Number of protein chains: 2
Amino acid sequence: MPPKSATIIDVAREAGVSIKTVSRVVNQESGVHSETREQVLQVVARLNYRPKQSARSLAGGRSFLIGLLYYDPSAAFVGGVQQGATLRCREAGYHLVVESLHNDAPDLAMQVDRMVSALRPDGMILTPPLCDNPQVLKALRDNHTPCVLISPAADNPDLPSVRMDDIHAAEEITNLLISLGHQRIAIIKGAKDQVAAKRRHQGYLAALKSHRMALDKDLVVQGDFTFDSGVEAAYQLLSRRQRPTAVFASNDDMALGVLAAAQRLGLAVPGDLSIVGFDDTPAASRVWPPLTTVRQPMDEMARAAVDLLVGGAGGGRGDAAAPSGAERRAMHRVLKHELIVRDSTAALSAKPSRLKKA
Amino acid sequence: MPPKSATIIDVAREAGVSIKTVSRVVNQESGVHSETREQVLQVVARLNYRPKQSARSLAGGRSFLIGLLYYDPSAAFVGGVQQGATLRCREAGYHLVVESLHNDAPDLAMQVDRMVSALRPDGMILTPPLCDNPQVLKALRDNHTPCVLISPAADNPDLPSVRMDDIHAAEEITNLLISLGHQRIAIIKGAKDQVAAKRRHQGYLAALKSHRMALDKDLVVQGDFTFDSGVEAAYQLLSRRQRPTAVFASNDDMALGVLAAAQRLGLAVPGDLSIVGFDDTPAASRVWPPLTTVRQPMDEMARAAVDLLVGGAGGGRGDAAAPSGAERRAMHRVLKHELIVRDSTAALSAKPSRLKKA
DNA sequence: CTGAAAGCGCTTACAG
DNA sequence: CTGAAAGCGCTTACAG
């Protein structure tokens with residue numbers, strides 16, 4: 001027989017106070033005599049009392065649950081987001097419920113609705129591409145569930161968001177290549193329908209422009225963020241009569257593809273070709289040479305998202321009054337990224353080597 | 001004002017029945033007249049009624065929550081386990097709460113206790129190394145929380161578990177190398193304190209033995225499952241006067257390290273050296289050549305774990321009667337792995353090439 | 001096959 | 001600074 005665990009009534013009885021006072025102490029409300037508080041705290045410890053989420057939730061309307069919705073579980077950022085979110089949730093006394101959703105499921109809205117109306121999470125964290133999915137957003141709004149968007153395609157005026165500055169990061173990493181003496185710097189663009197792809201391309205263009213370097217259309221190739229598209233793009237690029245001496249792949253998976261292709265072609269990296277990626281995925285540091293890339297502050301972004309949700313920032317309820325300017329700024333946080341310089345980049349060598357046969 | 005969502009009372013009123021009958025229909029209990037059932041179902045649909053988890057949990061003692069505890073979020077298997085678990089949970093009407101824990105945190109037991117006594121999950125899924133941590137197990141037992149261990153070091157007679165057969169998988173992949181004509185097959189062992197490392201080593205030895213191949217101690221090197229340890233082990237191995245022609249790294253991260261080292265030394269893979277790993281991590285197929293490896297059926301393992309928990313298999317309560325033989329077998333499931341043959345392995349070439357200079 | 005009552009363990013709103 | 005009462009929305013026993 002599971003010996004029933006202590007309830008608030010047990011604590012109240014033992015401490016000789018009302019349950020309301022126990023509740024006050026446990027919830028750290030002010031206005032309790034410090035002696036009374038101590039008294040209660042001791043009994044709480046002795047009985048190992050822990051308020052039950054279901055009872056608090058039913059009575060108080062707060063579930064102490066935060067939801068995390070994601071699509072592709074293997075996407076570079078999901079792991080980081082989840083890690084940051086669980087940790088921050090624990091600190092704040094919340095718990096993280098995760099749900100893996102297909103972005104194009106026909107019953108997507110219903111799946112979200114089911115989860116939200118059953119669990120009543122106090123907030124929801126959405127990752128791309130779900131954070132840009134109108135169906136998901138509507139289901140959440142209909143249920144009056146606050147949410148925070150991680151790296152949305154566009155800042156939604158009504159919904160708080162957290163992201164990094166893709167444009168500047170891309171500009172910086174391109175600048176790094178330029179500062180190493182590279183003139184023929186190719187870019188492999190990401191999936192057409194993803195805004196991150198567009199922003200990184202913009203950053204690349206900005207870097208060239210600020211150095212008054214002409215854009216060579218031959219050095220711009222379309223990819224789709226997959227390893228295979230990186231391989232293919234690399235073959236295109238490296239078969240040109242005038243090879244690029246550096247490639248900026250819009251994410252690590254594609255950069256890994258470029259590296260693989262270069263190796264097959266017998267090109268030395270970084271000797272014959274410098275390569276940079278974006279994301280700092282686990283694989284980026286498990287190849288040789290390890291990739292120079294950009295680390296997205298995923299965990300910090302997730303922590304910030306949790307803070308927005310539990311901190312009573314209150315944004316995203318959908319029925320709130322129009323936010324003021326300052327509120328708007330607090331609602332859209334941009335976090336600092338980090339340039340990770342490793343061994344896949346080097347100064348342009350004086351005389352580029354010939355293609356060795358593969 | 002959030003328009004209050006429908007409660008069981010609303011449904012009962014509209015359908016002209018008692019709330020108990022609504023409860024029966026919603027919970028799919030038998031013994032309701034089919035006309036009544038239809039009637040209720042219609043109202044449920046019209047009002048978009050969904051029972052609230054907190055109320056069900058408080059009244060019924062079931063939370064419809066399953067917990068997943070993990071340590072290293074970047075560990076190869078965590079992603080797969082989580083994916084399988086969320087999906088199966090959704091099918092079963094449950095939700096997955098995740099928690100990232102440090103295996104050596106001083107307050108580990110308390111962290112587990114806090115989560116469990118607050119949330120009262122109906123079951124808990126434990127991944128290595130937490131599934132072998134006595135503190136964690138004790139905290140769960142004290143709270144009478146059923147749990148399932150994923151790939152535990154040893155089968156616990158009282159606790160259900162799900163795992164794959166590491167020994168046979170290692171034997172098979174070693175056999176693959178042997179069948180390709182390799183005679184000098186090195187192994188890089190995994191972390192000393194992990195049972196998977198030991199089992200894979202056993203499988204390697206079994207394969208050699210069944211082919212009456214002598215064990216060359218020089219070809220057995222200690223690693224610790226990290227990329228760096230793979231690099232280091234490879235340098236040791238490849239600097240021997242008699243190089244191995246194939247390497248079995250006990251996991252993909254180390255195999256990637258071997259690949260990186262081989263490339264630095266100017267060895268062709270698989271031409272000069274065949275490499276196999278274990279895990280089928282994302283990175284394994286994002287390098288060139290892609291790695292031959294073993295896929296662990298993580299998602300299926302997680303699904304099986306959820307089934308054991310919600311299927312009322314009832315194991316793991318810690319206060320149950322001693323299980324019978326058949327029960328014991330059902331409690332310890334072993335799932336089928338898969339050999340993934342890619343391009344990092346090839347038949348032994350007639351004349352091994354010399355070391356090119358790096 | 002159906003229902004009336006009690007109760008799960010908390011918080012809210014109100015009093016004092 | 002503290003407490004008595006009501007109620008959150010369900011399920012569990014129990015009746016019939």
Side-chain angles (χ1 to χ4, degrees), chain A residues 2-41 43-44 47-65 93 116-120 122 143-144, chain B residues 2-41 43-44 47-65 93 116-120 122 143-144:
Chain A
K4 306 280 316 162
S5 50
T7 72
I8 197 172
I9 299 187
D10 300 324
V11 177
R13 189 187 335 102
E14 296 275 314
V17 298
S18 72
I19 62 169
K20 175 65 210 179
T21 294
V22 176
S23 175
R24 284 197 181 92
V25 172
V26 168
N27 288 301
Q28 315 200 47
E29 289 171 29
S30 62
V32 178
H33 196 89
S34 63
E35 279 182 31
T36 314
R37 179 183 301 278
E38 279 313 314
Q39 170 77 346
V40 171
L41 250 17
V43 178
V44 164
L47 265 40
N48 202 258
Y49 167 70
R50 304 239 200 277
K52 228 148 275 172
Q53 177 264 349
S54 56
R56 299 179 80 185
S57 178
L58 184 57
R62 297 167 61 194
S63 65
F64 299 93
L65 258 23
V116 169
S117 49
L119 249 31
R120 304 266 152 179
D122 294 331
N143 279 288
H144 309 281
Chain B
K4 306 281 314 161
S5 50
T7 73
I8 197 171
I9 300 186
D10 300 323
V11 177
R13 190 187 335 101
E14 295 275 315
V17 297
S18 72
I19 61 169
K20 175 63 211 179
T21 294
V22 176
S23 176
R24 285 196 180 93
V25 172
V26 169
N27 288 302
Q28 317 201 46
E29 289 173 27
S30 61
V32 177
H33 196 88
S34 64
E35 279 181 32
T36 314
R37 180 183 300 278
E38 279 312 315
Q39 171 77 346
V40 171
L41 250 18
V43 178
V44 164
L47 264 40
N48 202 258
Y49 168 69
R50 304 238 200 277
K52 228 149 274 170
Q53 177 264 349
S54 56
R56 299 179 80 184
S57 179
L58 184 57
R62 297 166 61 194
S63 65
F64 299 93
L65 258 23
V116 169
S117 49
L119 248 32
R120 303 266 151 182
D122 294 331
N143 279 287
H144 309 280

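The sequence lines fix the lettering, A, B, ..., with proteins before strands; numbering per chain opens at 1. Since this is a predicted model, take the numbers as computed values, not measurements. Below, each value reflects all heavy atoms present in this structure, side chains not excepted, and no hydrogens, waters or symmetry copies.
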Notebook entry, point to check: When every nucleotide of nucleotides 6-16 of chain C is labelled 5' to 3' by its protein contacts under 4.0 Å (heavy atoms), B for base, S for sugar-phosphate only, - for none, what sequence of letters results?
Noted result: -BBBBBBB---

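Among all heavy-atom pairs drawn from B/D122 and B/R62, the shortest one is OD1-CA, 3.4 Å. Minimum interatomic distance between B/S18 and B/A12 (heavy atoms only, all atoms of both residues): C-CB, 3.8 Å. When all heavy atoms of B/I19 and B/I9 are compared, the closest pair comes out as CG2-CA, 3.9 Å.
Dashed line: the shortest gap from a side-chain N or O of A/T36 to OP1 or OP2 of D/dT2 is under 4.0 Å. B/T21 has no side-chain polar atom (N or O) that falls below the 4.0 Å cut-off from OP1 or OP2 of C/dT2.
For D/dA13, there is no paired base (Watson-Crick or G-U wobble, both distances below 3.5 Å). When Watson-Crick and G-U wobble pairs are counted only if both distances are under 3.5 Å, C/dA4 pairs with no nucleotide at all.
Looking at residues two or more places apart in sequence or on another chain, you find a ring pair (Phe, Tyr, Trp, His ring centres under 6.0 Å) between A/F64 and A/Y94.
Within 6.0 Å of CD on A/Q28 lie no more than 12 heavy atoms contributed by other residues, nucleotides or ligands.
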Next item on the list: Evaluate the criterion side-chain hydrogen bond (donor to acceptor under 3.5 Å, both in side chains) for residue pair A/R120 and B/S5; output intermediate values, then yes/no.
Entry: CA-CA 11 Å; A/R120 304 266 152 179; B/S5 50; 2.9 Å; yes

